[in-house]
Each structure stands twice: as C-alpha cells, then as structure tokens.
Amino acid sequence: MPELPEVETVRRGLDAAVLGRRIDRVEVGRERTVRRTSREALIAGLQNTAIVRTWRRGKYLIADLDSGDSVMIHLRMSGRLLLAQRGSPRPPHSHVVMGMQDIEVRFVDPRTFGEVVVFDPERTADQVPELQRLGVDPIADPFDQRVLAAALAGTTRGIKSVLLDQTRVAGLGNIYTDEVLHRARLRYDRPADALRRSDIGRLAEAITEVLTAAIDAGGSTLADTQYVDMEGRTGSFQESHLVYARRDEPCLTCGRSTIRRAVVSGRSTFFCPRCQK
DNA sequence: AAACAAACCTGTGCGC
DNA sequence: TGCGCACAGGTTTGTT
C-alpha cells in the first residue's frame with residue numbers, strides 16, 4: 001500500500017508526535033511482525049529509549065534511538081502507524097504498541113507482511129541488508145536527469161519494471177510508477193536502455209514533481225481507505241491520479257482515448273495508449 | 001539476465 | 001444471504 005509519499009507523511013507525523021519522548025511500555029501482540037529478531041529483542045531494544053531522529057530511505061522508515069540503536073519500520077502492503085491516547089480502544093491487528101506516558105504509537109497491519117525491528121546501525125549489513133542495497137531516493141538524495149540515467153543504465157528490461165526495482169530507484173511503487181510514466185509520456189514496456197536523453201529528462205522531472213506533489217497532498221488514499229496518516233487522516237493525491245485504477249475511463253490528458261490495463265511484473269498497470277509511447 | 005509464478009496473510013467487493 | 005473467486009499500495013525466493 002504505502003509508497004514513498006505515504007511513508008514520508010507517516011515519518012513527519014512520527015517526528016511531530018514522539019521526538020524525545022521516552023518509550024515506557026512496549027507490547028508485541030503478534031510475533032510475526034518482529035520475525036526478523038524476536039518479541040524479547042524488540043521489547044528490550046525499545047524499552048526506556050527515546051527517538052532522537054527519524055529518517056526514510058525509499059519505503060523504509062527508520063527512527064534513531066538515544067541508546068545508539070535504530071528501529072526500522074516497513075509497512076509493506078497493509079501496515080499503518082497510528083497515534084492514540086493510552087487506553088483508547090485498539091483497532092484489530094494492533095501487533096506492536098509503543099507507549100509513551102499518556103499516548104501510544106500502534107503498528108496496525110492486517111496482512112502481517114510489515115515488520116518492526118531494532119538494529120545496530122553499525123551492523124546494518126548483517127541485520128537489515130536490504131537497506132544498503134536501495135538505489136537513489138528521489139526526494140532524500142540529490143536527483144536529476146544524470147542520476148536517473150545512471151540508475152537506469154545497463155538493462156533492457158521494461159521501464160516500469162526497472163522503476164519498481166528498489167535497488168535502482170527507491171520509493172516508487174505501483175501507483176506512482178504509473179502516474180510518473182503517464183506524465184513523462186512513456187509506455188511501461190519501453191526498454192530502459194533505449195530511452196533517449198529527452199525521455200530521461202522528462203522522466204526525472206515527472207518523478208520529482210509527482211512525488212513532491214503527493215507528499216504535499218499527504219499521499220494517496222484509495223477507495224478502501226487503507227492508508228491514513230498517524231492521526232487517521234486520509235491523503236488527497238488520489239484526486240490527482242491521471243491513470244491509476246482508471247481502467248476504461250477517459251484519459252484526462254488527451255480526452256480522446258480510454259485508460260487501458262496491462263499486467264507487468266504481476267502488477268496491474270494503467271496507461272493511455274495514445275499519450276504514452 | 002530476464003521474465004514469471006509463488007509465497008507470505010487478511011479483507012473486500014463482485015457475480016451468481 | 002451466502003459462496004467462490006479476483007484482487008490489493010510490497011518484497012523475496014525459486015523456476016524457466
């Protein structure tokens with residue numbers, strides 16, 4: 001569910017709500033959420049620490065603790081991080097709860113693909129290896145046409161599949177990849193290494209513009225209302241979607257074709273056959 | 001190297 | 001109302 005803009009929105013909410021507050025209670029209701037280590041390791045790692053900084057790389061949210069450790073949170077498909085008053089009714093699937101005096105942060109995740117893990121930043125390579133393998137983050141890192149060209153180099157794969165590859169560009173998922181490719185007027189199956197300089201220029205610009213606008217809008221909340229920020233508020237960037245989930249609806253760019261659906265890397269892919277070449 | 005499928009889970013919406 | 005199926009924002013692993 002959540003891609004870079006949603007994770008960034010959650011990160012900002014976490015920053016505003018809990019920075020410097022001491023974690024005095026930790027509960028793990030479902031061990032699968034902490035499967036990388038264990039219930040005991042998560043509790044020991046969080047108990048009596050305070051979050052001193054939050055940061056994000058791609059879809060990975062990291063909070064640095066005053067103990068010197070860090071906690072990595074990945075929402076995967078259905079994870080949410082919710083802020084609540086201590087003692088208020090907990091939603092189903094509240095697998096991890098971090099209590100800070102009168103408030104608590106709840107990791108809620110029906111599908112249980114998400115995870116929470118405390119790790120030692122000096123042992124990232126052993127404990128959270130995928131973090132080091134992430135490619136350029138278009139928001140957190142310097143990003144322009146040259147950086148993108150380097151990230152796309154050396155593969156004949158279709159551009160959508162390459163943009164979804166987190167080791168090349170970190171943070172784009174199924175929604176934003178389709179929205180970006182539409183704005184750059186590129187079809188999902190254009191071989192990445194055959195893109196012209198002008199194509200890559202438009203693509204880099206589209207990535208920056210779409211992600212920035214989506215962050216400003218607080219992310220995208222689809223019809224099922226799965227994604228909300230820490231305060232439970234929905235995002236509004238779905239109102240700016242031009243192609244995602246708009247199969248058979250008129251193209252908002254050209255008005256002369258309808259949005260088609262294809263399957264790429266096993267994912268639903270939406271595009272305008274007239275605008276995107 | 002690349003393209004697919006399956007796996008991990010639960011929930012929802014749809015056609016019948 | 002109930003049942004079965006398709007499908008869902010992600011990532012990893014294994015197979016052609």
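In what follows, every chain begins at residue 1, and chains take the letters A, B, ... in the order their sequences are listed.
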Quiz item: Under a 4.0 Å heavy-atom cut-off, which of residues 148-157 of chain A touch DNA chain B?
Solution: A/T155, A/T156, A/R157
Quiz prompt | A/K160 NZ - C/dG10 C1' separation (whole Å) | solution = 13 Å
Quiz prompt | Check against salt bridge (Lys or Arg N to Asp or Glu O under 4.0 Å), A/R56 and A/D137 | solution = CA-CA 9 Å; A/R56 178 195 57 71; A/D137 182 304; 2.6 Å; yes
Quiz item: Closer to the 5' end of DNA chain B via nearest nucleotide, is it A/G158 or A/A223?
Solution: A/G158
Exercise. For B/dG11 and C/dT11, measure between their P atoms and round to the nearest Å.
Key: 22 Å
Quiz item: What distance, rounded to whole Å, do you find between the two P atoms, one in C/dA6 and one in B/dA7?
Solution: 15 Å
Self-check item: ring pair (Phe, Tyr, Trp, His ring centres under 6.0 Å) contacts touching residues 188-225 of chain A (sequence neighbours left out)
Solution: A/Y188-A/F271
Practice problem: With the side chain of A/E3 defined as its heavy atoms from C-beta on, choose the nearest nucleotide among C/dT12, C/dC7, C/dG10. | Solution: C/dG10
Show me the side-chain donor-acceptor pairs of residues 171-180 of chain A shorter than 3.5 Å, one per line, residues at least two apart or across chains.
from: A/N174; atom 1: OD1; to: A/K160; atom 2: NZ; distance (Å): 2.6
from: A/N174; atom 1: ND2; to: A/S268; atom 2: O; distance (Å): 2.9
from: A/Y176; atom 1: OH; to: A/E6; atom 2: OE2; distance (Å): 2.6
from: A/Y176; atom 1: OH; to: A/S220; atom 2: N; distance (Å): 3.4
from: A/Y176; atom 1: OH; to: A/S220; atom 2: OG; distance (Å): 2.7
from: A/T177; atom 1: OG1; to: A/G173; atom 2: O; distance (Å): 2.6
from: A/D178; atom 1: OD1; to: A/K160; atom 2: NZ; distance (Å): 2.8
from: A/D178; atom 1: OD2; to: A/F270; atom 2: N; distance (Å): 2.8
from: A/E179; atom 1: OE1; to: A/R183; atom 2: NH1; distance (Å): 2.6
from: A/E179; atom 1: OE1; to: A/L242; atom 2: N; distance (Å): 2.7
from: A/E179; atom 1: OE2; to: A/L242; atom 2: N; distance (Å): 3.3
from: A/E179; atom 1: OE2; to: A/V243; atom 2: N; distance (Å): 3.0
from: A/E179; atom 1: OE2; to: A/Y244; atom 2: N; distance (Å): 2.8

Exercise. Ignoring hydrogens and angles, tell me if any N or O in the side chain of A/D189 forms a donor-acceptor pair with the backbone of A/G158 under 3.5 Å.
Key: no
Quiz item: Tell me: OH of A/Y188 to P of B/dA3, nearest whole Å?
Solution: 12 Å
Quiz item: In terms of side-chain heavy atoms, does A/T54 have a donor or acceptor partner in A/R11 at a distance below 3.5 Å?
Solution: yes
Quiz item: What residue among A/L46, A/V105, A/L19 forms side-chain contact (heavy atoms from CB on, under 4.5 Å) with A/I51?
Solution: A/L19
Quiz item: Can A/D64 and A/S70 be counted as having a side-chain donor-acceptor contact under 3.5 angstrom?
Solution: yes
Quiz item: Rounded to whole angstrom units, what separation is found between the CG atom of A/L61 and the P atom of C/dT11?
Solution: 13 Å
Quiz item: A/R133 has an atom CZ; how far is it from atom P of C/dT11, in whole Å?
Solution: 12 Å
Quiz item: How close or far is atom P of C/dG10 from atom CG of A/L4, stated in whole angstroms?
Solution: 11 Å
Quiz item: Can a donor-acceptor pair be found between the side chains of A/R106 and A/S88 at a distance below 3.5 Å?
Solution: yes
Quiz prompt | Integer-rounded Å distance: C/dT12 P and A/L131 CG | solution = 11 Å
Quiz prompt | Single-linkage hydrophobic cluster A/V52~A/Y60, side-chain heavy atoms < 4.5 angstrom | solution = no
Exercise. Round to the nearest Å and state the distance from A/R35 atom CZ to B/dA7 atom C1'.
Key: 12 Å
Practice problem: Using Watson-Crick or G-U wobble pairs with both distances under 3.5 Å, give me DNA chain B in dot-bracket, 5' to 3', with [ ] for crossers and | for pairs to another strand. | Solution: .|||||||.|||||||
Quiz item: Using a cut-off of 4.0 Å on non-hydrogen atoms, how would the nucleic acid contact of A/Y244 be classed: base, sugar-phosphate, or nothing?
Solution: sugar-phosphate
Quiz item: For residues A/S78 and A/D109, is any side-chain donor paired with an opposing acceptor at under 3.5 Å?
Solution: yes
Practice problem: Round to the nearest Å and state the distance from A/R267 atom CZ to B/dA3 atom P. | Solution: 16 Å
Quiz item: How far, in whole Å, is C/dG4 from B/dC9 if one measures between their P atoms?
Solution: 22 Å
Self-check item: Touch class at under 4.0 angstrom, heavy-atom based, for A/S78 against every strand present
Solution: nothing
Restricting to nitrogen or oxygen on both sides, can you table the protein-nucleotides 8-12 of chain B pairs closer than 3.5 Å?
from: B/dC8; atom 1: O3'; to: A/R32; atom 2: NH1; distance (Å): 3.4
from: B/dC9; atom 1: O2; to: A/R111; atom 2: NE; distance (Å): 2.8
from: B/dC9; atom 1: N3; to: A/R111; atom 2: NH2; distance (Å): 3.3
from: B/dT10; atom 1: OP1; to: A/R30; atom 2: NH2; distance (Å): 3.1
from: B/dT10; atom 1: O4'; to: A/P110; atom 2: O; distance (Å): 3.4
from: B/dG11; atom 1: OP1; to: A/H93; atom 2: NE2; distance (Å): 2.8

For residues 144-153 of chain A, dump all side-chain donor-acceptor pairs below 3.5 Å to protein atoms at least two apart in sequence or in another chain.
from: A/D144; atom 1: OD1; to: A/R146; atom 2: N; distance (Å): 3.0
from: A/D144; atom 1: OD1; to: A/V147; atom 2: N; distance (Å): 3.0

Exercise. Scan A/V71, A/L131, A/D69 and name whichever one has a side-chain contact (heavy atoms from CB on, under 4.5 Å) with A/F119.
Key: A/L131
